2 protein chains.
Amino acid sequence: MARTQGSHSDITGPRVRAAALHLFAQHGYAAVSMRQIAREVGVQAGALYNYTPDKQSLLFDLMQTHMTELLAARDDMPDGATPVEALEHFTRLHLRFHSERPDEVFIAYMELRNLTPENFTKIEALRRSYEDSLETILRSGVSSADFEVSDPKIATMAVIAMLTGVNTWFREGGRLSLAEVEQIYWDMVRKAVGA
Amino acid sequence: MARTQGSHSDITGPRVRAAALHLFAQHGYAAVSMRQIAREVGVQAGALYNYTPDKQSLLFDLMQTHMTELLAARDDMPDGATPVEALEHFTRLHLRFHSERPDEVFIAYMELRNLTPENFTKIEALRRSYEDSLETILRSGVSSADFEVSDPKIATMAVIAMLTGVNTWFREGGRLSLAEVEQIYWDMVRKAVGA
DNA sequence: GTCTATATGAAGATAGAC
DNA sequence: GTCTATCTTCATATAGAC
């Protein structure tokens with residue numbers, strides 16, 4: 001039985017999000033038009049509005065999905081790990097997760113200012129939750145005297161910034177493999193917190 | 001002797017750049033219109049074109065000025081310092097310079113993709129020159145066995161990312177003074193490179 | 001579900017009066 | 001040097017035919 005001509009809701013939806021992701025990351029949310037997204041998908045601009053109520057929702061959905069997946073990955077953290085093990089796990093997970101999703105990460109950091117206030121609040125809460133999990137690890141390591149960290153809050157921000165910075169230069173197939181990069185960063189993180 | 005009515009070239013020029021800086025940092029280059037800039041300056045849109053040939057030049061000038069000032073500050077590095085002293089100097093200078101110029105830093109990192117290819121190439125060369133000065137410090141410290149760094153290139157990117165990240169949270173008048181922040185970051189940098 | 005056509009507004013940049 | 005007015009293009013979003 002042939003489908004209705006031109007009816008592709010099940011595949012067009014993901015394609016719209018993929019095109020928006022790619023174009024927002026490359027040119028920035030404000031610089032990308034709905035017509036550009038439609039062109040990349042291969043439909044006319046009007047058809048996009050079957051998949052998103054507006055451009056803002058497209059951005060918000062991309063960021064919310066990204067942050068939700070990040071938090072889900074974080075929740076795979078093994079129970080009963082020592083602070084050092086937990087920190088190594090966090091470090092490697094962060095590097096792997098972020099290096100696999102350069103476009104999502106770029107958008108999540110760069111397009112915060114293009115969210116409506118309501119949407120911004122929601123995304124910020126997700127990000128804060130992620131940061132808190134690292135801060136908790138650092139505080140537990142300070143309590144157990146495994147780490148030497150004078151200010152866990154600042155150390156949290158410093159470590160996350162250092163790790164996320166990998167996306168500014170790392171490319172699969174370059175001079176170093178991801179496994180090598182993980183090892184080098186873990187070595188620096190470990191030393192930085194005095195473990 | 002009264003000036004020609006409405007003639008203010010000597011003060012309007014800097015005001016145009018200041019308004020563009022502020023608005024680009026807040027909303028992003030692509031999202032800011034020439035009319036918005038004009039409104040902030042207190043002139044009509046057409047008058048802006050006495051001070052810049054177009055919007056792109058406005059962005060490029062801001063970024064070029066910022067990077068040139070950064071390189072000038074770097075050149076104040078004292079001669080004859082040990083690798084550890086040079087690294088501490090770099091760390092504190094970077095933190096001070098960047099925390100004093102949040103808008104410029106934000107633009108310099110976020111709006112690279114909105115430069116024309118020619119302009120992008122010029123800004124990238126300036127940034128590369130800055131990164132090279134840290135890499136040189138790290139390599140000299142490895143040679144002298146003051147540092148323990150397995151990959152100076154990665155360590156360079158990691159340290160710069162960590163330090164620049166201070167702009168995502170540090171505000172003058174907050175919980176910590178800049179001097180305290182400097183000390184905490186220098187402590188982490190020092191340990192991260194094994195000094 | 002997708003198309004064409006369009007309503008409505010705003011963008012960058014320029015011309016010419018003062 | 002700044003203004004007003006305008007050219008031209010493009011934007012988001014919607015209406016209604018197929």
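None of these values were measured; they are calculated from a predicted model. Computed from heavy atoms alone, side chains included, the values below leave out hydrogens, waters and symmetry copies. Numbered from 1 within each chain, the chains take letters A, B, ... in sequence-line order.
- Applying the 4.0 Å criterion to OP1 and OP2 of D:dT2, one finds that B:Y51 has a side-chain N or O inside that range.
- Annotation: salt bridge (Lys or Arg N to Asp or Glu O under 4.0 Å) contacts of B:R39 (sequence neighbours excluded): none.
- B:E124 has no carboxylate O lying under 4.0 Å from a charged side-chain N of B:R128, or vice versa, which leaves the two without a salt bridge.
- Between B:E135 and B:K153 there is a salt bridge, since at least one side-chain N of the basic residue sits less than 4.0 Å from a carboxylate O of the acidic one.
- Applying the ring-ring contact (aromatic ring centres under 6.0 Å, His included) test to every pair with at least one member in residues 128-158 of chain B, sequence neighbours left out, gives these pairs: B:F90-B:Y130, B:H94-B:Y130.
- Note on B:R96 versus B:E100: no salt bridge recorded, every NZ/NE/NH1/NH2 to OD/OE distance being 4.0 Å or above.
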List every contact pair, protein side and nucleotides 8-12 of chain C side both N or O, where the distance is under 3.5 Å.
| residue | atom | partner | partner atom | Å |
| --- | --- | --- | --- | --- |
| C:dA11 | OP1 | B:S33 | OG | 3.4 |
| C:dG12 | OP1 | B:V32 | O | 3.4 |
| C:dG12 | OP1 | B:K55 | NZ | 3.1 |
| C:dG12 | OP2 | B:M34 | N | 2.7 |
| C:dG12 | N7 | B:R35 | NH1 | 3.0 |
| C:dG12 | O6 | B:R35 | NH2 | 3.2 |

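- The CG atom of A:N50 sits 14 Å away from the P atom of D:dA13 (whole-angstrom rounding).
- Within the 4.0 Å cut-off from OP1 or OP2 of D:dT4, at least one side-chain nitrogen or oxygen of B:Q44 is found.
- Of the candidates D:dT2, D:dT4, C:dC3, the closest approach to any side-chain atom of B:T12 belongs to D:dT2.
- If you measure from atom CZ of A:R39 to atom P of C:dC3, you get 14 Å, rounded to the nearest angstrom.
- For the pair A:L58 CG and D:dA13 C1', the computed distance is 14 Å after rounding to whole Å.
- Rounding to whole angstrom units, CG of residue B:L48 and C1' of C:dT14 are separated by 13 Å.
- Note on A:R15 versus A:D10: no salt bridge recorded, every NZ/NE/NH1/NH2 to OD/OE distance being 4.0 Å or above.
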